Amino acid sequence: MSNRKFFYKGRQDPRENHVKFGFATKASAKSGSKKYPLPLVVTSEERKREVEALVADAQLYAEVSIDSREGAVESIAELTALLNKKGTVKLDKIPERNEPCSCGSGKKYKKCCGLGD
């Protein structure tokens with residue numbers, strides 16, 4: 001037996017790159033922006049004007065194309081998702097433990113809605 005010592009040199013096989021697994025790495029790719037317009041498909045010229053008006057009102061950018069073939073289906077799901085997106089929920093400041101409760105009971109917050117015993 002020899003007196004060789006074992007020195008750990010780190011991981012010999014590097015981990016797989018996360019890009020290979022399909023994870024989105026461009027966090028700044030905001031759909032509906034000038035750089036990344038929404039790809040929308042409508043079925044008529046009249047509907048195209050309506051959708052372009054919706055896009056302009058929402059201050060977004062989109063490439064609207066017309067598919068007038070038989071059995072064509074509209075594809076505006078991304079636009080409706082952006083239009084129906086809720087704003088940030090902001091909560092009022094929670095009262096301190098010894099302040100009066102905001103529900104109007106007259107009790108201290110810790111004895112009322114603060115769930116104190």
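Owing to the predicted nature of the structure, the values given are computational and were not obtained by experimental measurement.
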Show me, pair by pair, the donor-acceptor contacts under 3.5 angstrom made by side chains of residues 97-105, not counting sequence neighbours?
unit_1: N98; atom_1: OD1; unit_2: K110; atom_2: NZ; d: 3.1
unit_1: E99; atom_1: OE1; unit_2: E96; atom_2: N; d: 3.4
unit_1: S105; atom_1: OG; unit_2: K107; atom_2: N; d: 3.3

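Among residues two or more places apart in sequence or in another chain, the side-chain contact (heavy atoms from CB on, under 4.5 Å) test is passed with A81 by none. Scored by the side-chain contact (heavy atoms from CB on, under 4.5 Å) test, I66 finds V42, E45, K48, S68 as partners (sequence neighbours excluded). In this structure E74 satisfies the salt bridge (charged side-chain N to carboxylate O under 4.0 Å, His left out) test together with R47, sequence neighbours excluded.
Inter-residue side-chain proximity for V55 and L40 is flagged as met; some heavy-atom pair is nearer than 4.5 Å.
Here CG of L82 is found 12.0 Å from CG of L54. Values are rounded to the nearest 0.5 Å.
Legend: salt bridge (charged side-chain N to carboxylate O under 4.0 Å, His left out) pairs involving residues 59-71, not counting sequence neighbours, sorted by first then second residue: D67-R69.
Between L83 and A58, the shortest heavy-atom distance links the atoms CD2-CB, 3.4 Å.
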